[in-house]
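Comments concern the structure below.
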There are 2 protein chains.
Amino acid sequence: MHSLLGNLKLQIPEKLFVKDPDSSDLGKRILTHSIILIESLGFENFTFKKLGLEIGSPESTIYRYFENKHKLLLYLTSWYWGWLEYKVVFATANVELAQRQLENAICAICETVKQDQNFSHINEELLQRIVISESSKAFLTKEIEQENKDGFFKSYKNLVERIVIIIRTLNPNYPHPKTLASTLLETNHMQKFFGSHLPSITDIGKDDEQVISYFKTMTLSMINYGK
Amino acid sequence: MHSLLGNLKLQIPEKLFVKDPDSSDLGKRILTHSIILIESLGFENFTFKKLGLEIGSPESTIYRYFENKHKLLLYLTSWYWGWLEYKVVFATANVELAQRQLENAICAICETVKQDQNFSHINEELLQRIVISESSKAFLTKEIEQENKDGFFKSYKNLVERIVIIIRTLNPNYPHPKTLASTLLETNHMQKFFGSHLPSITDIGKDDEQVISYFKTMTLSMINYGK
DNA sequence: GCATTTGTAATAGTAAAACTATTACTTTTG
DNA sequence: CAAAAGTAATAGTTTTACTATTACAAATGC
C-alpha cells in the first residue's frame, strides 16, 4: 500500500491516553520508541524508565501521555486493529463476489506486514510482531469487563464485525460467523507465534501462503458445510 | 470420571520446581491455595506474599518450592494439560471408529470441568478457569525458546500429538493435523473466554454443546475437505 | 546416644518497578 | 505583558520480586 491517503489518522478510544500522543512530537517519539522497545524486550521487561532513557526524557514525562504501560499496550493494539480494518476495507472495496471478498480479507489479515508509509512514526512491521506476542495480555485481565464498557476493545470489535458481514453475505444461515471471524484473527497470530517458537505443534512455517490457504479452506469448508 | 484410578500422579517437568510440591503437605497446600488465589485475583495481582498470608507461611517458604510465580504457573498448566491428556486417552480407549474417537476427544477437551476426585488437593474446575485466562501468558514470553529446550511445554506437546494421531487415522493425507489440533485447544479456551467477557465477538454462550458442535463441524469438514 | 548432616521455615533484608508530588520553565492567549 | 495553561524535570513513595542469613527440627551415621 502506498501513501495515497496521506495523513490518515486512526480513531483511538479517548480514555486510553492522558494526552493524545499523536498531538505532539514528544508523543510521537513515545509511540515510535515504545514499539521498538516492547518488540525487543517483551512487554514484561519493558518499563517507562527504559523508554524514558531511550527518548532522553524522564519516566514522569511518559506518564503525562499514558497512565501506565497496560494502557499504552491497549493504545498500540487498538491502533493496529484500526489499521488492519482499513487494510481489509481497502482489499475488499469494489470486489463483487463475496467469496472473493473473503479471500482478499484473509490475505490482508494474514500477510506479514512490511512498512506502510501512511503512518511514518509507526513501524507496522514491528507493531505486528508485538500484536502477535503481546496483544492477548491486553485483554486477558480481571479488568476486562470494565475496560470493555470503557470502549477499549472497540477497534477489535469493529474489525470482527467487518469480517462477519462478509461471512453473512456468503451464507446468511451460517450459525457461527462471529466465532469464525474472531478465531480467524486469533488463530492467525497464534499459529505464526507457534511457527516461530514452538514449531512442533504446527504445520505452518514462515511462509504466509500456508496460513492463507489453511484459512481459505477452513472458512469456505465451514461456511458451506451442509449448505 | 470417578476415583477408579486412585492415587494417580502426573509427570511434571523436573526443572519447573525447586522441591516437588507433591512430596509434602505444605507443597500440596501451596498448590491448592495458589489455584484459589490466582483464579480469584488474576495472575498479575497474585504474589507469593499473598499466597504466604493465605497458607500462614512466609513468602520465603514458597520460594523453597518454586523459583518464581512464572514457574508456578507453568507447573499448574503442565499439570492441567497432563490431566487433560489422560481424560482424552480415557475417552477414546476401546473406541473403534476414528471419527468417533475424534468426537469423544473433542467432548473431553471442551466440556467444562467439574471437580475430579482423583486428585484431591487440585480443584480442576478452578484450574481450568486459570488455564483459560492465564495459560497463554506462560508461553508468550521472550524466554520461550530456552524454556522449550528445558522441556517446560512437554505436557502440551504430548496432548497435541494425541489429537494429531486421531486426525491422521481419519485422513492420513490431511496437510495440517498439528495446526488443527493446537487450534482446537487454543480456540476452545479463547471462545469460552470471549463468551464470558466479550460476548459480542462470539456466537458461543455458556453452554458446552455449542463449542462442541462448532468443533465437530470444523474438524470433520476440514479433514474431509477435498478428500 | 549424641554429633552431624539434612530439611524446613522465619527474619530481615535488597533491587527494581510502578507510580506520584512538587517545582520550574515555556508557551499560549486575553 | 500578565495570567493561565501546557510541559517536563527532580525527587520522592510504595509495592513487588526475590535473596541472604539465621534458627530450629528431624533424620542419619558411627
Side-chain angles (χ1 to χ4, degrees), chain A residues 14-34 37-38 40-76 121 134 137-138 141-143 146-147, chain B residues 14-34 37-38 40-76 121 134 137-138 140-143 146-147 152:
Chain A
E14 288 239 339
K15 278 194 170 180
L16 280 182
F17 47 80
V18 180
K19 177 191 165 129
D20 184 0
D22 220 49
S23 70
S24 75
D25 276 356
L26 183 68
K28 285 175 187 163
R29 279 171 56 74
I30 288 174
L31 293 181
T32 305
H33 288 86
S34 65
L37 263 188
I38 293 174
S40 74
L41 300 173
F43 188 63
E44 284 71 31
N45 302 321
F46 166 83
T47 69
F48 278 3
K49 189 159 201 168
K50 290 173 187 168
L51 177 56
L53 221 68
E54 182 94 357
I55 62 173
S57 294
E59 47 174 342
S60 55
T61 297
I62 298 150
Y63 284 99
R64 294 254 155 207
Y65 289 84
F66 294 101
E67 218 178 304
N68 49 50
K69 69 176 185 172
H70 171 70
K71 291 214 171 143
L72 171 57
L73 181 61
L74 279 167
Y75 182 99
L76 293 175
H121 62 292
E134 320 287 355
K137 297 169 192 169
T141 70
K142 284 282 169 186
E143 292 76 35
Q146 183 55 50
E147 295 188 346
Chain B
E14 288 239 339
K15 277 195 175 182
L16 281 182
F17 49 79
V18 181
K19 177 191 164 129
D20 184 0
D22 220 49
S23 72
S24 76
D25 277 356
L26 184 69
K28 285 174 187 163
R29 279 170 58 75
I30 288 174
L31 293 181
T32 305
H33 288 87
S34 66
L37 263 187
I38 293 174
S40 74
L41 300 174
F43 188 64
E44 283 72 31
N45 302 320
F46 166 83
T47 67
F48 278 3
K49 189 159 201 168
K50 290 173 187 168
L51 178 57
L53 221 67
E54 180 95 356
I55 61 172
S57 293
E59 46 175 344
S60 55
T61 297
I62 298 150
Y63 283 99
R64 293 252 156 209
Y65 288 84
F66 294 101
E67 219 177 303
N68 49 49
K69 69 175 185 173
H70 171 71
K71 289 212 173 147
L72 170 57
L73 181 61
L74 279 167
Y75 182 99
L76 293 175
H121 62 291
E134 321 286 356
K137 298 169 192 168
L140 291 173
T141 70
K142 284 281 169 187
E143 292 76 35
Q146 183 55 50
E147 295 189 346
F152 292 0

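Labels below follow one simple rule: chain letters A, B, ... track the order of the sequence lines, proteins then strands, and each chain is numbered from 1. The model shown is predicted, which means the values in this text are computed figures rather than measured ones. Only this structure's heavy atoms are used, side chains among them; waters, hydrogens and symmetry mates stay out.
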_Which residues share a side chain to side chain donor-acceptor pair (under 3.5 Å) with S60(A), sequence neighbours left out_ = none
*Between dC19(C) (C1') and H70(A) (NE2): distance, integer Å*: 16 Å
*Does NZ or CZ of K137(A) fall inside the cone over F43(A)'s six-membered ring, less than 6.0 Å from its centre and within 45° of the axis?*
no
*What nucleotide, of dA10(C), dA9(C), dA8(D), holds the atom closest to the side chain of S57(B)?*
dA10(C)
*asked:* Tell me the interatomic distance from L51(A), atom CG, to dA8(D), atom P, rounded to whole angstroms.
replied: 13 Å
*Would you kindly check whether a donor in the side chain of S60(A) faces an acceptor in the base of dT10(D), or vice versa, at under 3.5 angstrom?*
yes
*Considering all heavy atoms of both residues, which atom of A138(A) and which atom of H70(A) are nearest to each other, and what is their separation?*
O-CE1, 3.4 Å
*Take atom CG of L53(A) and atom P of dT10(D), then tell me their distance rounded to the nearest Å.*
12 Å
*Could I get the full list of side chain to side chain donor-acceptor pair (under 3.5 Å) partners for E67(B), not counting sequence neighbours?*
K71(B)
*Spell out, as yes or no, whether a donor-acceptor pair under 3.5 Å connects the side chain of S57(B) to the backbone of G52(B).*
no
*When the distance from NZ of K19(B) to C1' of dT6(C) is rounded to whole Å, what number comes out?*
11 Å
*Given atom CZ of R29(A) and atom P of dT7(D), what is their separation to the nearest angstrom?*
16 Å
*Polar side chain donor-acceptor pair, Y75(B) to S34(B), under 3.5 angstrom*: no
*Can you check the R64(B) CZ to dC24(D) C1' distance for me, whole Å?*
12 Å
*Assign F66(A) to base, sugar-phosphate, or nothing according to its heavy-atom contacts below 4.0 angstrom with the strands shown.*
nothing
*Calculate the interatomic distance between L26(B) atom CG and dA25(D) atom C1'; express it in whole Å.*
15 Å
*N-O pairing of E59(A) and K50(A) below 4.0 Å*: no
Please list each protein N or O that sits under 3.5 Å from an N or O in nucleotides 13-17 of chain D, with the distance.
unit_1  : atom_1 : unit_2 : atom_2 : d
dA17(D) : OP1    : K69(B) : NZ     : 3.0

*Quickly work out the I62(A) CD1 to dT20(C) C1' distance and round it to whole Å.*
15 Å
